[in-house]
**Q** 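Please find one structure pasted underneath; my questions will follow.
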Amino acid sequence: MKDFKIDQNKIPKHVAIIMDGNGRWAKQKGELRIFGHTNGVDSVREALTAAGEIGVEYLTLYAFSTENWNRPKEEIAALMDLLVQSIYNETDELNKKGVKLATIGDVEILPKSCQKALIEAKEKTKDNKKITLILALSYSSRREISLAIQKMSKEVSQGELNPNAINEDLVSSYLSTADYPDPELLIRTSGENRVSNFLMWQLAYTELYFTDILWPDFKKKNFYKAIYDYQQRERRFGKTSEQILNHNA
Ligand code: IPE
Ligand code: IPE
Ligand code: MG
């Protein structure tokens with residue numbers, strides 16, 4: 001089938017992607033940055049299709065960070081318009097592919113038109129079961145963790161939460177990703193080797209895959225290549241290689 005021999009028994013349940021390099025891709029072509037963003041939508045479709053085909057259950061895409069609000073306002077406006085357009089254009093396709101749409105981040109501070117499109121698309125896709133597409137919008141991991149601490153602190157001060165009950169599982173349950181398993185694989189395109197405030201709690205034991213390919217050039221075969229690369233790794237979780245190979249910890 002694909003260019004890479006993917007082991008169907010070792011498919012990650014959750015893949016997260018930092019879709020980076022749209023601006024540079026456009027610049028290389030002598031175009032405006034937004035041209036890169038527009039072309040990046042095709043890559044979103046490809047990644048989602050590829051993920052669905054091999055049985056990935058959750059795909060989280062970093063679409064707009066809290067820090068991205070510091071970009072020129074024209075670029076922000078164009079990105080928000082593109083988001084609305086894409087949601088309207090793709091909702092039928094999402095339903096055909098069995099995709100349930102979800103979001104993490106401060107969605108309530110997005111323009112009203114985006115919020116409306118997101119609410120409608122979530123409602124229309126809510127019964128789909130094949131794959132959950134989680135869009136990170138106005139997302140910041142440090143902010144997410146701060147909000148979780150705020151919420152826990154309030155509950156402690158009101159006597160609703162015992163501080164001794166705060167453990168890793170409880171912290172996870174206060175994050176916006178409470179309903180999802182941690183990603184086994186993180187992909188970042190465009191040659192940047194950093195996390196940029198994305199899922200920092202959730203990535204504790206995630207395999208990181210960096211590629212120089214710019215996001216608009218990232219196609220199905222590149223997605224499969226990342227999965228293949230992931231499957232060659234030995235995930236030790238602190239144990240020794242011998243323990244992993246003998247399966248008896
Ligand atoms: C990623 O591409 C998309 C967003 C952050 C919204 P960039 O816009 O960051 O592209 P580069 O990094 O400038 O090339
Ligand atoms: C990270 O990309 C955010 C998204 C992909 C949405 P950036 O391009 O904003 O990241 P930095 O600022 O270069 O680290
Ligand atoms: Mg970038």
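Just follow the structure's listing: the first ligand is 1, and inside any ligand the first atom is 1.
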**Q** State plainly whether the residues K220 and E46 are in salt-bridge range, i.e. N to O under 4.0 Å.
**A**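 No salt bridge links K220 with E46.
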**Q** Which residue and non-hydrogen atom of the protein lie closest to atom 13 (O) of ligand 2, and at what distance in Å?
**A**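 Closest protein heavy atom to atom 13 (O) of ligand 2: R194 NH2, 2.7 Å.
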**Q** Give a yes or no on whether the backbone of L101 and the side-chain of K122 come within a donor-acceptor separation of less than 3.5 Å.
**A**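 Between the backbone of L101 and the side chain of K122 there is no qualifying donor-acceptor contact (under 3.5 Å).
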**Q** For atom 6 (C) of ligand 2, which of W215, F198, Y62 has the closest heavy atom?
**A**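 That would be Y62.
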**Q** Below 4.0 angstrom from a heavy atom of F64, which ligand 2 atoms are there? Numbered from 1 as shown, please.
**A**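 Result: 6 (C).
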**Q** Given R188 and M19, is the side chain to side chain contact (heavy atoms under 4.5 Å, CB included) satisfied, shown in steps?
**A** CA-CA 6 Å; R188 183 173 189 149; M19 312 181 288; over 6 Å; no
**Q** For F237 and Y205, I'd like to know if the aromatic rings sit close, meaning centre-to-centre distance below 6.0 Å.
**A**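 Between Y205 and F237, which both carry aromatic rings, the centre distance is below 6.0 Å.
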**Q** Starting from atom 7 (P) of ligand 2, which protein heavy atom do you reach first, and at what distance in Å?
**A**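 Of the protein heavy atoms, R71 NH2, 3.8 Å lies nearest.
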**Q** Is the backbone of S65 close enough, under 3.5 Å, to the side chain of N68 for a donor and an acceptor to pair up by distance?
**A**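 The answer is yes, because a donor-acceptor pair under 3.5 Å joins these two groups.
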**Q** Would you say R33 and ligand 1 have an N/O pair spaced under 3.5 Å apart?
**A**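 Among all N and O atoms of R33, at least one is under 3.5 Å from an N or O of ligand 1.
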**Q** Counting only N and O atoms by type, is there a donor-acceptor contact under 3.5 Å from the side chain of E120 to the main-chain atoms of A117?
**A**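 The answer is no, because no donor-acceptor pair under 3.5 Å joins these two groups.
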**Q** Looking only at heavy atoms of H37, does any of them come nearer than 4.0 Å to an atom of ligand 1?
**A**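 Yes, that is the case, since the closest heavy atom of the residue is under 4.0 Å from the ligand.
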**Q** Could you check whether atom 2 (O) of ligand 2 has a protein contact, counting only heavy atoms that fall below 4.0 angstrom?
**A**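 Looking at atom 2 (O) of ligand 2, one finds that a protein heavy atom does lie closer than 4.0 Å.
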**Q** Which residue and non-hydrogen atom of the protein lie closest to atom 10 (O) of ligand 2, and at what distance in Å?
**A**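 So the nearest neighbour among protein heavy atoms is R188 NH2, 3.3 Å.
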**Q** Going by the order shown, which atoms of ligand 1 are within less than 4.0 Å of some heavy atom of R24?
**A**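 Under 4.0 Å from R24, ligand 1 has these atoms: 11 (P), 12 (O), 14 (O).
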**Q** For A63, state whether at least one heavy atom is located under 4.0 Å from any atom of ligand 1.
**A**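 So A63 counts as touching ligand 1.
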**Q** Considering all heavy atoms of both residues, which atom of N222 and which atom of D217 are nearest to each other, and what is their separation?
**A**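 Looking at all heavy atoms of both residues, the closest pair is OD1-O, 3.4 Å.
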**Q** Which is it for S190 and ligand 1 at heavy atoms under 4.0 Å: side chain, backbone, both or neither?
**A**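 Within the 4.0 Å criterion, S190 makes no contact with ligand 1.
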**Q** Are the charged groups of R233 and D229 less than 4.0 angstrom apart, N to O?
**A**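 Result for this pair is yes, salt bridge flagged.
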**Q** If you check every N/O/S atom of D20, which is the one nearest the Mg ion (ligand 3)?
**A**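 Restricting D20 to its N, O and S atoms, the minimum distance to the Mg ion (ligand 3) goes to OD1.
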**Q** Can you tell me which residue and heavy atom of the protein come closest to atom 9 (O) of ligand 2, and the distance to 0.1 Å?
**A**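 For atom 9 (O) of ligand 2, the nearest protein heavy atom is N68 ND2, 2.9 Å.
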**Q** With K27 as the cation and W25 as the aromatic partner, state whether NZ or CZ is under 6.0 Å from the six-membered ring centre and within 45° of the axis.
**A**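 Checked: cation-pi criterion not met.
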**Q** Of all the atoms in ligand 2, which lie at a distance below 4.0 Å from a heavy atom belonging to S196?
**A**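 Per the distance check, 10 (O), 11 (P), 14 (O).
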**Q** Atom 5 (C) of ligand 2: which protein heavy atom is closest, and how many Å away?
**A**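 Closest protein heavy atom to atom 5 (C) of ligand 2: M19 O, 3.3 Å.
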**Q** Quick one: do R194 and E192 make a salt bridge, cutoff under 4.0 Å?
**A**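 Between E192 and R194 there is a salt bridge, with a charged N closer than 4.0 Å to a carboxylate O.
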